[in-house]
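A short worksheet on the structure shown next.
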Amino acid sequence: MMGSHMTFPAETPPLATPETPLLRVEGLGKFYGARIGCADVCFDLFPGEVLGIVGESGSGKSTLLSCLAGFLEADAGRVLYRGRDIRAMAEPERRMLSRTEWAFVHQNPRDGLRMGVSAGGNVGERLMAVGARNYGSIRDTATDWLGRVEIAPERIDDRPRQFSGGMQQRLQIARNLVTGPRLVFMDEPTGGLDVSVQARLLDLLRGLVRDMGLSVIIVTHDLAVARLLADRLMVMKDGHVIEQGLTDQVLDDPQAAYTQLLVSSVLQV
Amino acid sequence: MIDIENLSKSFTLHNQGGAVIPVMAGAQMHVARGECVALTGASGAGKSTLMRMIYGNYLAASGVIRVGGLDVVRAAPREIIALRRETLGYVSQFLRVVPRVPTRTVVAEPLLALGRPQAEAFARAEDLLRRLNIPERLWSLSPTTFSGGEQQRVNIARGFAHDYPALLLDEPTASLDAANRAVVLDLIADAKARGAAIVGIFHDEAARALVCDREIDVTGFTPARVA
Amino acid sequence: MSEAAYNFAYLDEATKRMIRRALLKGLAIPGYQVPFASREMPMPYGWGTGGVQVTAACLTPEDCLKVIDQGADDTTNAVSIRKFFERTAGVATTEHTAEASVIQTRHRIPEQALTEGQILVYQVPIPEPLRFLEPRESETRRMHALEEYGLMHVKLYEDIARHGAIATSYAYPVKVEGRYVMDPSPIPKFDNPKLGGNAAIQLFGAGREQRIYALPPYTQVVSLDFEDHPFEPSKADHDCDLCGAAQSYLDEVITDDRGGRMFICSDTDFCASRRADGLRGRLSPEEAA
């Protein structure tokens with residue numbers, strides 16, 4: 001039978017090793033007319049690393065994330081994924097990447113889920129998108145993933161609408177991780193959730209990151225979330241990266257004036 | 001194992017008129033394998049600051065901190081992360097964990113991060129928790145709800161889960177009763193015996209005398225105050 | 001205004017040429033939805049304006065036209081469209097599938113196998129098979145372009161999850177020549193196997209949505225399915241009560257207020273031809289008489 005071109009590429013480029021970055025960003029910039037979205041952003045992300053991007057609203061962290069994930073067209077610089085510039089990549093290939101090796105977890109689960117489709121269908125979509133054609137095995141995989149994100153298997157045929165906010169977010173994570181991506185973008189993944197629900201999600205994410213060896217870029221304005229999830233931190237202000245380093249070093253011994261202000265502004269509990 | 005040369009540190013308080021406060025200059029220190037060195041000096045003399053710099057938590061202004069061959073002052077974050085995962089352990093005074101995570105997992109985490117099988121990691125965690133007299137019924141609960149002393153013992157168990165070649169101990173025996181204090185001193189002695197290089201802060205002088213081979217008074221590293 | 005005042009087959013020549021261009025493009029790229037400048041027709045949307053425009057662009061004075069609605073030649077829609085072309089094009093019309101050179105259809109493919117030289121024109125209400133799950137036209141066009149059809153299977157997955165089997169029974173999506181996923185118009189899935197390898201030219205017109213697509217003769221058309229839930233064309237589990245046909249698609253007709261019902265061929269020409277050949281079903285009037 002013809003068709004079903006949608007399978008994983010047969011030959012895979014060499015894996016990024018702990019010595020070579022999975023993602024290299026060079027001089028990335030995005031401009032809205034005269035206004036700077038983000039500018040001169042440079043960093044390497046290695047396999048298994050979690051990079052936190054912090055800053056206040058309007059600091060350019062979401063713009064940066066959108067440029068990296070390919071939602072926004074950057075105006076300057078290069079984004080090299082496993083050595084290849086994604087800005088120069090053809091759209092089909094880029095979209096294929098974002099369905100297989102990449103994942104994006106939105107702040108609002110409604111942006112990342114199909115609300116009219118059952119939980120199982122949501123999780124199965126990425127599998128079907130890369131050519132899975134066996135209903136039974138798709139369903140088995142979906143059941144397994146619901147379990148991994150602590151959703152009872154008997155809810156597999158319920159729509160996300162019937163789920164709580166925390167469950168929706170966990171479902172979104174399952175939907176994204178089911179194809180075993182290498183690079184996950186997260187935009188305020190714990191944003192709209194109660195603190196107790198947040199903690200559970202953070203724990204879950206940490207376990208998945210460790211067990212799957214994921215590289216993660218997580219945008220958050222919550223420094224506590226950054227401390228618990230991120231290995232490294234990048235602090236942004238007015239579209240520029242003003243400080244980066246080891247997460248606890250940046251939070252405990254901030255060098256830039258703005259970072260010091262940011263850290264000292266957090267209410268202690 | 002831990003070699004410090006000509007280390008200096010200052011804090012710049014941008015939000016308080018840009019005041020620059022030098023806190024350390026010319027620090028020098030060498031700790032060999034199997035050796036335990038106590039940092040001493042009055043409160044505020046810079047014991048914790050030095051320890052945090054060795055761990056990469058504070059950024060040094062200049063100098064060299066070599067831990068197992070890696071210069072922490074110049075290392076990339078991921079190199080420090082690898083160092084902390086494999087080589088350099090740290091028992092702080094405060095437990096900082098994700099709420100909700102069971103105590104057993106908290107203690108096993110350093111081993112899980114090294115890719116050890118879960119069964120092995122949990123067995124080691126349970127052994128340590130038992131030695132430190134954390135009742136078994138608490139193992140599946142999050143330590144965030146524990147008393148200060150219990151939290152401290154969980155923290156110690158976590159710090160000793162992996163046999164780090166180098167260890168930093170910040171007041172490991174503070175707020176412990178005699179029995180648990182003895183357990184911790186045993187753990188430290190065991191670590192020394194297997195060749196770990198240890199730097200510690202002990203206000204507990206008797207403990208210090210028992211496990212430490214040398215003392216270094218960090219007052220000597222305090223820069224001359226600008227009048 | 002008299003019929004003679006209209007151009008042949010109602011539409012002006014420039015419009016017909018525009019539509020023919022779209023048809024040729026559609027034939028060149030089987031299954032691809034070609035946009036075209038659909039005209040206002042003297043009938044409401046939903047009555048087959050797309051099909052009528054395609055038929056008008058295809059007709060020549062020598063053609064013989066057949067129009068069916070749900071397989072029947074004698075329903076309002078079919079009668080109206082047939083009359084429309086009788087008056088505006090003056091072409092011969094027929095109810096016999098084999099005699100027709102152009103057949104406009106709504107919701108059925110004739111039972112009798114079509115032959116080379118015949119054109120089958122479908123009326124299409126919603127040409128976009130992906131719309132069920134992705135309402136953005138900009139996005140569905142991109143998905144077609146990049147061959148991202150996972151979503152189509154999500155729809156089938158949902159069917160099985162909810163009903164235990166693929167419950168989609170009409171407008172069942174197909175993949176054309178291993179490339180484009182296509183909505184075959186609301187024909188019953190019983191008819192899907194006739195789409196592929198068909199000797200006739202199959203043209204699809206969606207008037208309101210301004211889309212034309214096509215299947216040239218002998219095109220490969222595969223109904224989407226899962227390995228463990230294969231596609232199955234289905235029909236009512238009966239024989240035709242009038243002609244006794246076991247392999248034709250049946251309509252269920254309620255005959256009284258006491259639950260009485262009968263099953264008859266939806267293709268009226270097929271049924272009538274069989275009866276003319278002397279074949280009989282369970283409730284044939286000739287036998288009841």
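Just so it is clear: chains get the letters A, B, ... in the order the sequence lines come, proteins before strands, and each one is counted from 1.
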Notebook entry, point to check: Taking non-hydrogen atoms and a cut-off under 4.5 angstrom, which of residues 138-150 of chain A neighbour chain C?
Noted result: Ile138(A), Arg139(A)
Note to self: Just checking Arg17(C): does its CZ atom have more than 12 heavy atoms from other residues, nucleotides or ligands closer to it than 6.0 angstrom?
What the structure shows: no
Note to self: At a 4.5 Å cut-off on heavy atoms, which part of His229(C) comes close to chain A: side chain, backbone, both, or neither?
What the structure shows: side chain
Next item on the list: Report the residue from Val154(C), Leu156(C), Leu151(C) that forms a side-chain contact (heavy atoms from CB on, under 4.5 Å) with Met128(A).
Entry: Val154(C)
Next item on the list: Look up atom CD in Glu147(C) and atom CE in Met96(A), then write down how far apart they are to the nearest 0.5 Å.
Entry: 10.0 Å
Note to self: Sub-4.5 Å heavy-atom contacts with chain C: which residues of residues 102-127 of chain A show up?
What the structure shows: Arg114(A), Gly116(A), Val117(A), Ser118(A), Gly120(A), Gly121(A), Glu125(A)
Margin query: Just checking Glu252(C): does its CD atom have more than 12 heavy atoms from other residues, nucleotides or ligands closer to it than 6.0 angstrom?
Written below: yes
Margin query: Is it the case that atom CG in Leu72(A) sees more than 12 heavy atoms from other parts of the structure closer than 6.0 Å?
Written below: yes
Note to self: Looking at Phe71(A), I want to see if its CZ is surrounded by more than 12 non-hydrogen atoms of other residues, nucleotides or ligands under 6.0 Å.
What the structure shows: yes
Next item on the list: Heavy atoms only: give me the nearest Gly136(A)-Asp228(C) pair and the separation to one decimal.
Entry: N-OD2, 2.6 Å
Next item on the list: With rounding to the nearest 0.5 Å, note down the distance linking CZ in Arg142(C) to CD in Glu91(A).
Entry: 5.0 Å
Next item on the list: Over 60° means perpendicular and under 30° means parallel, so classify the ring planes of Tyr135(A) and Phe226(C), tilted if in between.
Entry: perpendicular
Check: Of the backbone (N, CA, C, O) and the side chain (C-beta and beyond), which part of Asn134(A) lies under 4.5 Å from a heavy atom of chain C, both, or neither?
Finding: both
